[in-house]
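To start, the structure itself, in structure tokens.
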Amino acid sequence: MSNPLFILTRPATASAELALRLPTSIETLIAPAFEIEPVEADIPDFEAAILTSQASVGFAPDGRGRRAWCVGAKTAEAAERRGYIPVSADGDADVLVETILRAQPQEILLHLRGEVSRGNIRARLNQAGLNCDERVIYRKSPSSPPRDIRAQLAHHDESFLLLFSAETVSIIQRWNLGWESTHCLCISDYVADQAKQLRPAQITVSSAPNLRSMIELAHRMIA
């Protein structure tokens with residue numbers, strides 16, 4: 001493959017960190033679909049947190065030795081730095097719910113989440129007899145496309161669009177760019193299904209719904 005372009009759609013700081021973990025032989029374009037901003041929330045007393053994104057950790061209260069049920073390894077690492085005792089499901093929201101239900105924790109649980117969240121975690125846990133509340137502590141503020149993105153797409157022989165959420169797809173769709181020659185790399189089957197709206201040349205799903213698998217997928221694309 002010659003002259004590939006990898007388009008990184010996570011928030012700017014996260015995309016810059018991701019770029020460092022990709023092969024140095026490829027060119028990357030940081031094109032955040034959104035940035036994250038806090039939402040004021042009245043946090044009730046809780047004994048264990050549920051954290052379904054790494055972003056939620058930054059806006060959550062300090063752990064103070066409380067347990068945190070985390071969707072994946074990166075979220076768990078961030079939670080540990082904030083003073084939580086993390087348990088990683090290393091999957092998606094459904095895997096996290098299954099992990100919690102198997103453990104049957106008796107603590108007061110609090111799902112600290114973004115404004116848009118799939119999985120209906122609080123309702124599913126409460127229906128199973130657990131004690132779970134939730135608070136929205138951050139939102140995603142949509143970004144405009146980089147000014148040079150059209151020129152970059154035209155300049156490269158092949159482009160790869162890395163997609164980490166369905167929200168990302170819906171924002172990018174509003175950019176009104178042509179993705180017919182682009183290969184979408186998606187973190188999950190759900191995101192891949194949403195990515196069909198972009199009408200890309202090809203869609204590939206990572207082997208697991210986490211950042212590590214997405215990076216491995218990117219490496220395989222140019223192997």
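All values reported here derive from a predicted model rather than from experimental measurement. No hydrogens, no waters, no symmetry mates; every other heavy atom, side chains included, goes into these values.
Side-chain atoms of Asp92 come within 3.5 Å of backbone atoms of Asp94 as a donor-acceptor pair (strictly under, hydrogens ignored). Listed for the Thr99 side chain is a donor-acceptor partner under 3.5 Å among the backbone atoms of Val95. At distances below 3.5 Å, not a single donor-acceptor pair connects side-chain atoms of Asp148 with backbone N or O atoms of Ala151. Looking only at distances, a side-chain donor or acceptor of Arg135 sits under 3.5 Å from a matching main-chain atom of Asp42. For the pair Thr9 (side chain) and Ala31 (backbone), a donor-acceptor distance under 3.5 Å is absent.
For Asp45, the CG atom is loosely surrounded, since the number of other residues' heavy atoms within 6.0 Å does not exceed 12. Enclosure of atom CD in Glu80 is not indicated, since only 12 or fewer non-hydrogen atoms of other residues, nucleotides or ligands lie within 6.0 angstrom. Arg199 CZ: 12 or fewer foreign heavy atoms inside a 6.0 Å radius.
Residues Tyr190 and Phe164 fall into different hydrophobic clusters, defined by Ile, Leu, Val, Met, Phe, Trp and Tyr side chains chained together at heavy-atom separations under 4.5 Å. Note on Val136 and Phe46: separate hydrophobic clusters, where clusters join Ile, Leu, Val, Met, Phe, Trp and Tyr whose side-chain heavy atoms are under 4.5 Å apart, directly or indirectly. Linking ILVMFWY side-chain heavy atoms closer than 4.5 Å, directly or via other members, places Ile215 and Val71 in two distinct hydrophobic clusters. The hydrophobic cluster containing Ile43 also contains Ile36, counting ILVMFWY residues as joined when their side-chain heavy atoms lie under 4.5 angstrom apart, directly or transitively. Note on Leu185 and Ile203: separate hydrophobic clusters, where clusters join Ile, Leu, Val, Met, Phe, Trp and Tyr whose side-chain heavy atoms are under 4.5 Å apart, directly or indirectly.
Summarising the geometry of Ala33 relative to Ile172, their closest heavy-atom pair is CB-CG1, 4.3 Å, with the distance given to 0.1 Å. Between Leu163 and Val169, the shortest heavy-atom distance links the atoms CD1-CG2, 4.0 Å. The minimum heavy-atom distance linking Trp175 with Pro32 is given by the pair CZ2-O, 3.6 Å. The shortest non-hydrogen separation linking Pro105 to Leu130 is O-CD2, 3.5 Å. The two residues His219 and Leu22 have their closest heavy-atom pair at NE2-CA, 4.0 Å. The shortest heavy-atom contact between Leu198 and Trp179 is O-CB, 3.7 Å.
A heavy-atom distance below 4.5 Å is not found between the side chains of Glu77 and Val57. For the pair Phe6 and Ile222, the minimum side-chain heavy-atom distance is below 4.5 Å. The closest side-chain heavy-atom distance from Pro4 to Met221 is not below 4.5 Å. In this structure, the side chains of Trp69 and Leu109 come closer than 4.5 Å at one or more pairs of heavy atoms. Within the 4.5 Å cutoff, side-chain heavy atoms of Leu101 are placed close to those of Leu125. You'll find the side chain of Glu17 stays beyond 4.5 Å of the side chain of Arg21, heavy atoms only. Put simply, the side chain of Glu35 reaches to within 4.5 Å of the side chain of Ser143, judged on heavy atoms.
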Before giving the answer on side-chain contact (heavy atoms from CB on, under 4.5 Å), spell out for Val191 and Thr168 the whole-Å C-alpha distance, their side-chain angles and the decisive distance to 0.1 Å. CA-CA 9 Å; Val191 174; Thr168 297; over 6 Å; no
Decide yes or no on side-chain contact (heavy atoms from CB on, under 4.5 Å) for Lys74 and Asn210, but give the supporting numbers first. CA-CA 8 Å; Lys74 287 296 182 182; Asn210 55 51; over 6 Å; no
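Going from atom OG of Ser144 over to atom CD1 of Ile171 covers 10.5 Å, rounded to the nearest 0.5 Å. In this structure, Leu162 CG and Ile7 CD1 are separated by 9.0 Å, a value rounded to the nearest 0.5 Å. Rounded to the nearest 0.5 angstrom, Met214 CE and Ser207 OG are separated by 10.5 Å. Atoms CD1 and SG, from Ile100 and Cys132 in turn, are 7.0 Å apart once rounded to the nearest 0.5 Å. Here the straight-line distance linking atom CG of Leu18 with atom OG1 of Thr28 works out to 8.5 Å at 0.5 Å rounding. Of the inter-residue distances, the one linking Ile26 atom CD1 with Leu5 atom CG reads 8.5 Å to the nearest 0.5 angstrom.
Partners of Ser53 by side-chain hydrogen bond (donor to acceptor under 3.5 Å, both in side chains), not counting sequence neighbours, listed by chain and number: Tyr138. For Glu134, the salt bridge (Lys or Arg N to Asp or Glu O under 4.0 Å) partners at least two apart in sequence or on another chain are Arg113, Arg122.
In summary, of the residues considered (Arg10, Arg139, Lys140), a salt bridge (charged side-chain N to carboxylate O under 4.0 Å, His left out) with Glu167 occurs for Lys140 alone.
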